[in-house]
Amino acid sequence: MNKKVRVRFAPSPTGGLHLGGVRTVLYNYLFAKKHGGDFILRIEDTDQNRYVASAEQYIFDCLQWCGLEPDESAIHGGPFAPYRQSERKAIYQQYAEQLVKAGQAYYAFDTPEELEDMRQQFKTHDNPTPQYNYEIRERMKNSLTLSEEEVQRLLSAGSSYVVRIKMPVNEEIRFTDMIRGEVAFHSALVDDKVLLKADGMPTYHLAVVVDDHLMQISHAFRGEEWLPSAPVHILLWKYLFGLENMPQWAHLPLILKPDGNGKLSKRDGDRLGFPVFAMDWTDPKTAEKATGFRERGFLPEAFVNMLAMLGWNDGTDQEIFGKEELIERFSLERVHKSGAKFDYEKAKWFNHEWIKKTSVSRFSSLVVKDFESRGLNVANDQRLEKILELVKDRCTLLTDFYDQSKFFFVAPESVDVDSIKGKWNDDKTTFFKEWIAGWNNVEWNAAALEASFKELAVTKNIKVGELMLPLRIMLVGGKFGPGVFNISELIGKEETENRLKTAIQFL
RNA sequence: GGCCCGUUCGUCUAUCGGCUAGGACAUCUCCCUUUCACGGAGGAAAGACGGGUUCGAUUCCCGUACGGGCUACCA
């Protein structure tokens, strides 16, 4: 009875994968996994003009980074191959012909210029964008208005044509959206969408329906921006495969820009200084670069977690979820109807939480790479892990580790001696020199160092508080970082001595 | 303009007719911390408006307003 759950994400390879796209993938993925179903990735490359060659690989890389791998796709293979629409061209033509024969679609020979003329001619104040609809089609050049002989003549003469759906004049088209409930449209208000383009490629409208059927998709999720064209798809299902076989639709709410309103776009990221794409993306045509969440220092777990919460919650106060937990808890009933403004501050909070709860061994290699890119070469060893563990509470992004731990590897370039100079005196110089001299009898670890430091302070009758800040500044260069004695322990006796002696010279 | 969708703190949201409207981010105050964080405690902060339905509406219905999406041989 119940069909196996099969869902699909169908991006067009025209550019980088942004937030909204990844969230659509996520909801698809969670739904599929929760119901023991399959997640299919289908490449909708039917637009030759907007096609960007590198975009397809980029999409796969993004999904891999996010841990949302498809079960079937152009590179994973599967029983319904090919998964690239450009490779299925012939299939769509056959269905388009079927629709024409049944009188549910027709050939249209209008040139782009003629279409433009039509729009100009019928444009009025009340109707600024005239549609190719049930009225207008009677006045255009198509197989509805032309004689059969003329149509045949044009066809055999190789005239350029498209196939358009013939919208019923007076029909109520309704369906139940899993998120929005009943949605109704009137057929007269929907235009005769092109199904097959002049180059023989299908438009999205024909391709989704045909492929969703052929690939046995049970539930179809997409962004809310598709809602207005749903009636076209409903009709196509009715004509071609039967409404009873149609997948259940779910139109997901949009992700909005943080300021003002409107769909979030990559421009907003540039403008407001936060990533919009999952990973770095360089447009091969314009060489324009956009930074991704990955390169900004996000953990994929945090990115996915944050996205999941942008439009869904499990009804409790819990906000931190791992992938497995999301699969277990996810339900479409709890996906919101309204769009959500993207909040980069909250996104960073998610990342901070994930950095805190994740063992550093899981991401130390990423940090090492980041260090390298900034000219700091360190070994990914036990010491590194100790250091990262010590500073991770202070790091919101993976890229924060650099500033927070650089001083463990190299002496600070500049030491903020000014902030301790005022209260400096010879007693303190003497204190530090004697402390250094006494190390021979001290075991080199944080606790022992702290004990010896405090003991000497008492002996010298100097308040410990007067000495802590100087020690910190001499060691790390400024007022930040983890416990000073932990730092000493990790940078070692020799280095600690060097830094102290160097700094004292300037005091 | 038309069609469709939406509307709880600044932001993300809980509430499935009975609440002093809860949580989180951000913000402010305090505590902890001999640095900066982490952490802890607390404060300020919301139901677009107008009608119904009901003993009772944030919750259900209808209008209005506002916001958004779509309106291509793009997806």
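Note that the coordinates shown come from a computational prediction; the quantities given were computed from them, not determined experimentally.
- In this structure, A:Asp317 atom CG and B:C12 atom P are separated by 17 Å, rounded to whole Å.
- Between A:Phe350 and A:Phe321, the ring centre distance reaches or exceeds 6.0 Å.
- Of the residues in residues 225-234 of chain A, those lying under 4.0 Å from RNA chain B by heavy-atom distance are A:Glu225, A:Trp226, A:Leu227, A:Pro228.
- Side-chain proximity of A:Arg164 to the nucleotides B:A75, B:C73, B:G39 is greatest for B:C73.
- Remark: B:U8 base-pairs with no nucleotide; criterion is Watson-Crick or G-U wobble with both hydrogen-bond distances under 3.5 Å.
- Using a 4.0 Å heavy-atom cutoff across all strands shown, A:Phe342 reaches no nucleic acid atom at all.
- Stacking of A:Arg164 on the aromatic ring of A:Tyr132 is recorded, both the 6.0 Å distance cut-off and the 45° axial limit being met.
- As rounded to whole Å, 13 Å separates atom P of B:A75 from atom CZ of A:Arg222.
- Within the nucleic acid shown, A:Pro11 has no heavy atom closer than 4.0 Å to any nucleic acid atom.
- In a base pair of the Watson-Crick type (N1 to N3 plus N6-O4 or O6-N4) or a G-U wobble (N1-O2 and O6-N3), with each distance short of 3.5 Å, B:A37 is matched with no nucleotide.
- Taking a 4.0 Å limit (strictly below) on heavy-atom distances, residues 467-480 of chain A reaches RNA chain B at A:Met468, A:Arg472, A:Lys479, A:Phe480.
- Among the atoms of the strands shown, base atoms are found under 4.0 Å from some heavy atom of A:Ala198.
- As a whole-Å value, the separation of A:Leu254 CG from B:A75 P is 18 Å.
- Between A:Lys392 and B:A37, a side-chain N or O to OP1/OP2 separation shorter than 4.0 Å is absent.
- Donor-acceptor pairing under 3.5 Å, judged by distance alone, is absent between the side chain of A:Lys193 and the base of B:A72.
- When rounded to the nearest whole Å, the span between NE2 of A:His352 and P of B:C38 equals 6 Å.
- Between the OH atom of A:Tyr92 and the C1' atom of B:C73 there is a distance of 16 Å, rounded to whole Å.
- For the residue pair A:Glu116 and A:Gln120, a side-chain donor N or O sits within less than 3.5 Å of a side-chain acceptor on the partner.
- Contact between the side-chain N/O atoms of A:Lys263 and the OP1/OP2 oxygens of B:C70 is found at a separation under 4.0 Å.
- Put simply, CG on A:Asp343 and CZ on A:Phe274 are 9.0 Å apart, with the number rounded to the nearest 0.5 Å.
- Judged by distance alone, the side chains of A:Gln48 and A:Asp199 never bring a donor and an acceptor atom under 3.5 Å apart.
- In this structure, A:Gly481 reaches the bases: a heavy-atom distance under 4.0 Å links it to at least one base atom across the strands shown.
- Nearest nucleotide to the side chain of A:Asp393, out of B:C38, B:A14, B:G2: B:C38.
- A ring-centre distance under 6.0 Å is not found for A:Phe363 and A:Trp354.
- Picking from B:A75, B:C70, B:A72 the nucleotide with the shortest atom distance to the side chain of A:Thr129 gives B:A72.
- Nucleotides B:U53 and B:C62 are separated by 15 Å at their P atoms, to the nearest Å.
- Among B:G68, B:C73, B:C4, the nucleotide with an atom closest to any side-chain atom of A:Asn261 is B:G68.
- Residue A:Lys423 has no polar side-chain atom (N or O) positioned under 4.0 Å from OP1 or OP2 of B:U34.
- One finds no side-chain N or O of A:Ser338 lying less than 4.0 angstrom from the OP1 or OP2 phosphate oxygen of B:G67.
- Glycosidic conformation of B:C49 is anti; the angle lies outside 90° of 0.
- Summarising the base pairing, B:C70 is matched to B:G2 through a Watson-Crick or G-U wobble pair whose two defining distances lie under 3.5 Å.
- Neither side chain, A:Arg8 nor A:Asn28, offers a donor N or O lying under 3.5 Å from an acceptor on the other.
- For B:G39, the OP1/OP2 oxygens have a side-chain nitrogen or oxygen of A:Lys356 closer than 4.0 Å.
- Judged by Watson-Crick or G-U wobble contacts below 3.5 Å, the nucleotide B:A57 has no partner.
- Residue A:Asp110 is in base contact, counting any heavy-atom pair closer than 4.0 Å across all strands shown.
- In summary, the side chains of A:Trp424 and A:Thr429 do present a donor paired with an acceptor at a separation below 3.5 Å, with no hydrogens or angles considered.
- To the nearest whole angstrom, the two P atoms, one in B:G22 and one in B:U15, are 14 Å apart.
- With distances taken from any side-chain atom of A:Val183 to the nucleotides B:U13, B:C4, B:U15, the minimum falls on B:C4.
- Nearest to the side chain of A:Val162, among B:C73, B:G2, B:C5, sits B:C73.
- Taking every side-chain heavy atom of A:Asp343 into account, B:U11 is the closest of B:C12, B:U11, B:A14.
- When each of B:U13, B:A24, B:G6 is scored by its nearest atom to the side-chain atoms of A:Lys337, the top-ranked nucleotide is B:G6.
- Among the heavy atoms of the strands lying under 4.0 Å from A:Arg119 are primed sugar atoms or P, OP1, OP2 only; no base atom is included.
- Side-chain contact annotation: A:Thr316 with A:Asp314, donor-acceptor N/O pair under 3.5 Å present.
- For A:Asn313, taking side-chain heavy atoms from C-beta onward, the closest of the listed nucleotides B:U13, B:C25, B:C74 is B:U13.
- Counting heavy atoms from C-beta outward, A:Gln318 and A:Arg329 have side chains that approach closer than 4.5 Å.
- Across every strand in view, B:C49 sits in a pair with B:G63 that passes the Watson-Crick or G-U test at under 3.5 angstrom.
- When each of A:Arg222, A:Arg180, A:Glu224 is tested with A:His251 by the rule side chain to side chain donor-acceptor pair (under 3.5 Å), just one qualifies, namely A:Arg222.
- For B:A72, the OP1/OP2 oxygens have no side-chain nitrogen or oxygen of A:Arg50 closer than 4.0 Å.
- Nucleotides B:G63 and B:A26 place their C1' atoms 37 Å apart, quoted to the nearest Å.
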For side chain to side chain contact (heavy atoms under 4.5 Å, CB included), just list the numbers for A:Leu390 and A:Leu490, CA-CA rounded to whole Å, side-chain angles, deciding distance to a tenth of an Å, and then say yes or no.
-> CA-CA 10 Å; A:Leu390 210 52; A:Leu490 280 160; 3.6 Å; yes
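- Across every strand in view, B:C16 sits unpaired, with no contact that passes the Watson-Crick or G-U test at under 3.5 angstrom.
- For the pair A:Lys346 and A:Trp349, the cation-pi criterion (under 6.0 Å, within 45° of the ring axis) is fulfilled.
- For A:Asn127, no side-chain nitrogen or oxygen approaches OP1 or OP2 of B:G1 to under 4.0 Å.
- Using the Watson-Crick or G-U wobble rule with both distances under 3.5 Å, B:U27 pairs with B:G43.
- Checked against B:G1, B:A75, B:G23, the side chain of A:Glu319 finds its nearest nucleotide in B:G23.
- Residues A:Tyr92 and A:His205 keep their aromatic ring centres 6.0 Å or farther apart.
- A sub-4.0 Å separation between OP1 or OP2 of B:U13 and a side-chain N or O of A:His336 is present.
- Comparing the P positions of B:U54 and B:C16 gives a spacing of 23 Å, expressed to the nearest Å.
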